[in-house]
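Indexing begins at 1, ligand by ligand and atom by atom, following the structure's order.
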Amino acid sequence: MAKKEFQAESKRLLEMMINSIYTHKEVFLRELISNASDAIDKIYYKALTDENVSFDKDNYYIKVIPNKEARTLTIIDTGIGMTKDELENNLGTIAKSGSLAFKGENELKDGYDIIGQFGVGFYAAFMVADVVTVKSKALGSGEAYKWESEGADGYTIQTCDKEEVGTEIILKIKENSEDEIYDDYLEEYRLKQIIKKYSDFIRYPIKMDEKTSSDESEDHTEEQIINSMVPIWKKNKNELTDEDYEKFYNEKHYGFDKPIKHLHISVDGTIRYNAILFIPENIPFDYYSKEYEKGLELYSNGVLIMSKCSDLLPDYFSFVKGMVDSEDLSLNISREMLQHDRQLKLISKNINKKIKSELQNLLKNDREKYEAFFKSFGTQLKYGVYSDFGANKEMLQDLLLFYSSKEKKLVTLDEYVSRMPEEQKYIYYATGESNERIAKLPQTELVADKGYEILFLTENVDEFAIKMLMTYKEKEFKSVSSGDLGIEEDHDESQDTEEYKELFDAMKNILAGKVSDVRVSKRLKTHPVCLSTDGEVTIEMEKVLNAMPDNQNIKADKVLEINTNHEVFKSLKASYENDKEKLSLFTNLLYNQALLIEGLPIQDPVEFTNDICKVMV
Ligand code: ADP
Ligand code: MG
């Protein structure tokens, strides 16, 4: 029979599994059992909406059968089974294609990251088996099919005999090698250990035959259920270790990292629910993309009714993983109805409060961990401040961190404000590409000279979030590039501007609409020139807005500020008086310098370099 090829990505993945140096090969069993459990869940779901399907819990189980003589390990489930097409599509192709392209080769070498993260669980079977045979009969189908593969060079599919609906996976266990005793996976005690370790809370019984007779000649066996089937969230918190939670997190494929924090909530009042929530450390690979789906698993009294209930989490906490189980929710509730469910709304509100206070505790008690969290998900919190017209800003403002010019590390707004000298009117911030670049911005000179702290904003969303906040503890935010910095200086600059009015008007004309004004700078100390803005739109915002797909070509009102104490200004004045052509040259040079400092593109770089040459000659 002709062999079919694996889809290219699957093939690579499979090769990695086969050659895996992964040290915990035993997880193959966890993966296969979890698939079996999923398959039974699927019948369960079907029964919820299809009256022709009934679900009697007692008929559903998973069975693990080792056979030392034949060197096989068989995993049987009474789940929904697979049709011929499903065998082909589910086992011949990676479910989420593109996942390999995303991860670098190096990260994949060990195989650890991918197991689970991308739903490649089934291939884990090839870590321990030379041949994998899957016999399956789908619910409602008359025929059964056998899928078989010896590895990366392909697989075969043909009809086969199988009475019961469900799936049977037969692993031909590898011969022992130098590094691995594969015999282990045929040992009853070892298999039990692995099941207990990884699959204890699986809701369906995982059965194994146990020899009951000591009589060598007679094989009396009895079926035994290995897993306790009590879900972890119904267990007492005191009985559970951090490791148990981490195991649950991994088993559930919530993430492949170690969660930073877990919350185990049991509420027994007007609303009753149990929840286990996790705050991950690492960003899921698709987190900041449209593909990412937020949500928590939703159970009704121990039975999964939805795997991603998005109504339980607001967008700003979309990174939270975990599950909620409430006996007050109806099993048959539809997605549409859930949205309006009062219980669910209460649970959601309750959960969000707990997540917030957990994050606040973390910030207070374990700054290092919080910063690791913030590095991953801080952007999301800032979006949260900005979106919905700032409806959640109060809720989130104390969770924000920004880099401080003085502390040289991330600080909270509260820390900033509590350090403000009495005469300081505003919370100052500066925007730019990186902390290093911002630190060199001429606009920061005056504020920094005053000894005031400046928050460095380096992310696109930052300034939008700050603008949405408007104030923190009654202190207004102020960009160091904005018109009035609220810092008293010894002399009146408006007078200066008046004094040089003719010169500045001439410069404005030369720049023909590129700037809305030319002024004496209050903030420059050592630099000759900088740009500032009038009005609400800052230069940083202009950059962000114009990078958006349907940009409205929004422009900031740019002001060219001139440092009249700088040597260059003398030349400028002289040129105005004696040489109009030179004035034009100098004005353009200064303007382009200001653009460069700001990280803005120069309209005509060739002209700019020619201008520099003219000055040099
Ligand atoms: P995942 O479980 O994350 O989807 P797997 O690689 O573990 O990824 O499984 C791939 C797919 O194969 C599953 O989504 C499921 O559709 C199908 N599958 C695997 N094992 C079984 C099984 N025992 N019964 C029914 N379908 C299965
Ligand atoms: Mg799986």
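The shell of residues lying under 4.0 angstrom from ligand 1, judged by heavy atoms, excludes Glu31. Proximity of Ile80 to ligand 1 is not established, as no heavy-atom distance is less than 4.0 Å. Contact between His253 and ligand 1 is absent, with no heavy atom of the residue lying under 4.0 Å from the ligand.
The option from Asp77, Ile169, Asn35, Ile76 that lies nearest to atom 23 (N) of ligand 1, judged by heavy atoms, is Asp77. Looking at Ser10, Ala36, Ala39 and measuring to atom 24 (N) of ligand 1, the nearest heavy atom belongs to Ala39.
Within the 3.5 Å criterion, the main-chain N or O of Glu281 finds a donor-acceptor partner in the side chain of Asp257.
At most 12 non-hydrogen atoms from other residues, nucleotides or ligands lie less than 6.0 angstrom from NZ of Lys46. With a 6.0 Å radius and a threshold of 12 heavy atoms from other residues, nucleotides or ligands, Lys353 has its NZ atom at or below the threshold.
Taking the six-membered ring where tryptophan is involved, the planes of Phe377 and Phe373 are tilted, since the angle between them lies from 30° to 60°. Between Phe55 and Tyr60, the two ring planes are parallel [angle under 30°; tilted spans 30° to 60°].
Within the 4.0 Å heavy-atom criterion, neither part of Glu86 lies near ligand 1.
The one candidate from Arg71, Lys68, Arg190 that meets the side-chain hydrogen bond (donor to acceptor under 3.5 Å, both in side chains) condition with Asp183 is Arg71.
Interface atoms of ligand 1 facing Leu91, defined by a heavy-atom separation under 4.0 Å, are 12 (O).
At least one N/O/S atom of Asn35, whether from backbone or side chain, sits less than 2.8 Å from the Mg ion (ligand 2).
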